[in-house]
Amino acid sequence: MLPAPRDDGRSLRETAYETIKARIIGLDLHPGQRLVERDIAAELGVSRVPLREALQQLESEGLVILVPRQGALVAPFTREDVEQIFEVRESVEVLAFRLAALRRTTADLEAMATAVQAARHALDAHDDAATAAANAGFHAAVVQACGNALLRSMLAPLDARVRWLFHLTKQRDTREQCEEHAAMLAAIEARDAETVGALAQRHVASGREPSLALAETWASSPIDPVEATRSRNRSRRPG
């Protein structure tokens with residue numbers, strides 16, 4: 001059941017967007033699963049208009065597929081999607097790490113350190129979902145620290161899919177990932193752009209093959225969005 005919107009000043013569209021996005025990233029809503037607007041609107045206590053606006057925003061981030069006059073479904077996540085994410089991350093995200101080392105503020109360092117500490121606590125608690133969220137949060141904090149608005153805007157559409165990937169591949173050696181983050185944080189704190197660039201390159205590249213291997217275990221079977229949104233089976237997970 002989706003939680004009711006909070007009365008915290010946010011628009012209904014934003015509340016619907018954030019709620020559905022969190023459930024997709026956290027795998028409460030599975031790749032390929034149909035999203036029935038009527039049911040979601042009722043559970044969130046919103047009208048169809050803000051819900052559709054939220055779904056359109058999620059479509060722009062690659063998390064949802066909208067089929068005109070038929071409905072929506074969570075975007076399938078395939079091995080090819082993982083490959084493409086790593087191709088982008090190994091170039092553009094590494095640049096963000098280098099720039100963060102040169103431009104980070106005290107607040108940026110605190111945000112990164114908080115994410116690393118949160119990941120360690122989650123690891124100790126054997127909370128895979130929280131660990132994945134904290135590790136993704138570290139990368140998001142680095143992007144925020146890069147001080148380049150254009151680069152941030154380029155990476156923004158990728159952020160949700162990177163967070164999704166961290167959850168989908170949470171079986172990886174997360175302890176090692178966490179310690180690599182700590183080493184990169186130390187280089188950023190020292191303003192050592194060369195070192196953090198090399199560390200970031202190895203860090204991202206080292207995740208490619210394990211993530212691709214894991215992708216074989218959960219990747220969606222080919223899905224016809226038109227056929228999937230025509231079906232009235234709302235709970236069956238394709239694949």
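Excluded from the calculations below are hydrogen atoms, water molecules and symmetry mates; all remaining heavy atoms, backbone and side chain alike, are included.
Between the side chains of Q117 and H121, at least one donor-acceptor pair of N or O atoms lies under 3.5 Å. For the residue pair D108 and T105, a side-chain donor N or O sits within less than 3.5 Å of a side-chain acceptor on the partner.
In this structure a side-chain-to-backbone donor-acceptor pair under 3.5 Å is present from R152 to Q144. Judged purely by atom type and a 3.5 angstrom limit, Q201 has no side-chain atom pairing as donor or acceptor with the backbone of A198. With hydrogens and angles ignored, the 3.5 Å screen pairs a side-chain donor or acceptor of R104 with a backbone N or O of I188. Between the side chain of T195 and the backbone N or O of D192, no donor-acceptor pair lies under 3.5 Å.
Between R191 and L102, the shortest heavy-atom contact is NH1-O, 3.2 Å. In this structure, A130 and D127 approach most closely via the heavy-atom pair N-OD1, 3.0 Å. Taking each heavy atom of L185 and A113 in turn, the nearest pair found is CD2-CA, 3.7 Å. A pairwise comparison of heavy atoms in V64 and A72 identifies CG1-CB, 4.1 Å as the closest pair. The minimum heavy-atom distance linking L66 with P68 is given by the pair O-CD, 3.8 Å. In terms of heavy atoms, M112 sits closest to A141 at CG-CB, 3.8 Å.
A 4.5 Å side-chain heavy-atom check between L63 and V74 finds every atom pair outside the cut-off. Using a 4.5 Å heavy-atom cutoff, the side chains of L199 and E180 are not in contact. Side-chain contact check for K21 versus Q57: every heavy-atom pair is 4.5 Å or farther apart. Counting only heavy atoms from C-beta outward, the side chains of E59 and L55 never approach each other to under 4.5 Å. Within the 4.5 Å cutoff, side-chain heavy atoms of N135 are placed close to those of T131.
Checked against a 6.0 Å centroid threshold, the rings of H203 and F97 do not count as neighbours.
With rounding to the nearest 0.5 angstrom, the CG atom of L95 is 8.5 Å from the CG atom of L155. If you take CG on L29 and CG on L58, they are separated by 10.0 Å, rounding to the nearest 0.5 Å. Between the CH2 atom of W164 and the CG atom of D81 there is a distance of 7.5 Å, given to the nearest 0.5 Å. A distance of 9.5 Å separates CD in Q33 from CG in L73, rounded to the nearest 0.5 Å. With rounding to the nearest 0.5 angstrom, the CD atom of E61 is 9.5 Å from the CD1 atom of I24. In this structure, CD1 in I25 is found 12.0 Å from CD1 in I20, a value given to the nearest 0.5 Å.
F138 and V143 are not part of a single hydrophobic cluster, where members link through side-chain heavy atoms under 4.5 Å apart. By the rule that hydrophobic residues join a cluster once side-chain heavy atoms approach within less than 4.5 Å of another member, V94 and M154 end up as members of separate clusters.
In this pair, H181 and H139 present their aromatic rings perpendicular. The plane angle is above 60°, beyond the 30 to 60° band.
Under the 4.0 Å criterion applied to side-chain N and carboxylate O atoms, D159 and R163 are assigned as salt-bridge partners. R175 has a carboxylate O that lies under 4.0 Å from a charged side-chain N of D124, or vice versa, which qualifies the two as a salt bridge.
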